[in-house]
There are 2 protein chains.
Amino acid sequence: MPRKQPKPVQRKPRTDALRNRERILEIAKQAFTRFGAEASLDDIARQAGVGPGTLYRHFPTRDALIEAVYRSEVEKMAAAANKLAGELPPLDALRAWMLLFVDHIAAKQIIAPALNSIVGGASKLYEGSRGQIQEAIDILVKRAIKSGDLRRDLDGFDLLRALIGVSHVPVGPDWRQSARRLVDILIAGSRRG
Amino acid sequence: MPRKQPKPVQRKPRTDALRNRERILEIAKQAFTRFGAEASLDDIARQAGVGPGTLYRHFPTRDALIEAVYRSEVEKMAAAANKLAGELPPLDALRAWMLLFVDHIAAKQIIAPALNSIVGGASKLYEGSRGQIQEAIDILVKRAIKSGDLRRDLDGFDLLRALIGVSHVPVGPDWRQSARRLVDILIAGSRRG
DNA sequence: ACTAAAACGGAGAGCGTCTCCGCATGAGTA
DNA sequence: TACTCATGCGGAGACGCTCTCCGTTTTAGT
């Protein structure tokens, strides 16, 4: 009998690793906001005071970094869905969430390509975030279908795609109004016919 | 008195120039379809049998090339709008055009980022194509408003954005169905309330 | 045929991505 | 505290892409 089992150790992650991870995320957030999703990763690493190797170890792909940066936003949207579902009538809740979604995006225009990656990304990496957002809108849609407000054949994902489209096309000053109009159209068109 | 005026010459463009331009467009079309809007321009040049310099002289920016490649598609969409407007009742024409739009895009999935550039692009270069597409949908929307089928506050551009959104998010096998569902929703939501 | 304008195309500067691996550091242990 | 080795660091460098510059070639016009 071995006295020391191979120890399924899960050593505490090193503090410098954690520190670096945070630094990178912080800088990346700024960089993506300033320069869009194309920001130079080596630049981010440099500004964060780490080597490129470190950045790539933490986030193997650009997409992984993007997802990490926006993960908290995604989680906020998911939380909001639950909250709204508990507070408002089905249809109002859905409308409120959709408006929240576009507002949220309008606030940080740059998020759009990122979101696109998250929702559409083929990579397994996104499964998590995509799942969360999809779940969020599904909760609201299903509830509104059950209550009889919406057509039975409605798919939340379709709405999501339309929303992303709106946020994707860069646009002038009437951004917000345009977005609201579209949400109205989508909701109106989603009602039980 | 100068015997020879500076001759406002408009020399016939050299045949090799034209030939190269066509070659580049042809290859670029294939490349964008295969690899998306990120396809390597030097590669395109190489395959077209010209130097990078030649490609860049004809199309100073990647966007310029993209627009040139898809210009004919844009023109097709514009022509279709006119044709449909003359053949179908207002609402049917609009629906048909929207379906055509997504089908057209579904066929060459890769077109989406390009379209995005064309519609949203800040650069003056796009003015032409954007104008054409916007005009196309506006014709149909305005007609349907006039006939009383659609809400008066509808903006064709809003619909366009939604459509682009749909085409933008890469998606699996149910692409087409999803697109049709969304068109239905948009049309239903656009009716006079 | 001749010539000047037009177009070509490739070498190369510059930037970005991403990997590899020798070295530094800090978590566990006594 | 001292030791040790897994863990993490970071920079050098290979590679690919974009875009420019400029000497050479080609062609339209005469």
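We name chains A, B, ... by the order of the sequence lines, and we start the count at 1 in each one. Note that these values count all heavy atoms, side chains included, but never hydrogens, waters or copies made by symmetry. These figures come from a predicted structure and were not determined experimentally.
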Pairs touching residues 42-53 of chain B that satisfy side chain to side chain donor-acceptor pair (under 3.5 Å), sequence neighbours left out = B:D43-B:R46
task = Side chain of A:R57 only, please: which of C:dT19, D:dC9, D:dT18 is the nearest?
result = D:dC9
query = With sequence neighbours excluded, what pairs up with A:K142 under the salt bridge (charged side-chain N to carboxylate O under 4.0 Å, His left out) test?
reply = none
task = For B:S40, check side chain to side chain donor-acceptor pair (under 3.5 Å) against everything at least two apart and list the hits.
result = none
query = Does atom CD of B:Q177 have more than 12 heavy-atom neighbours from other groups under 6.0 Å away?
reply = no
message = For D:dC9 and A:N20 - does any side-chain N or O of the residue sit under 4.0 Å from the phosphate oxygens OP1/OP2?
response = yes
Identify all side-chain donor-acceptor contacts of residues 94-101 of chain A below 3.5 Å with residues at least two apart in sequence or on another chain.
from, atom 1, to, atom 2, distance (Å)
A:R95, NH2, A:D184, OD1, 3.4
A:W97, NE1, A:M77, O, 3.0

task = Measure from the side-chain heavy atoms of A:T15 and tell me the nearest of D:dC19, C:dC8, C:dG26.
result = C:dG26
ask   = Does anything in residues 41-51 of chain B reach DNA chain D, meaning a heavy atom under 4.0 Å, and if so which residues?
value = B:L41, B:D42
request  = Identify whether any heavy atom of B:T54 sits under 4.0 Å from a base atom; if not, whether one sits that close to sugar-phosphate; answer base, sugar-phosphate or nothing.
outcome  = base
ask   = For A:R191, what residues pass the salt bridge (charged side-chain N to carboxylate O under 4.0 Å, His left out) criterion, not counting sequence neighbours?
value = none
inquiry  = Is the phosphate of C:dT17 approached by A:S40 (side-chain N or O, under 4.0 Å from OP1 or OP2)?
reply    = yes
message = Between the base of D:dA28 and the side chain of B:R14, is one N or O donor paired with an acceptor at under 3.5 angstrom?
response = no
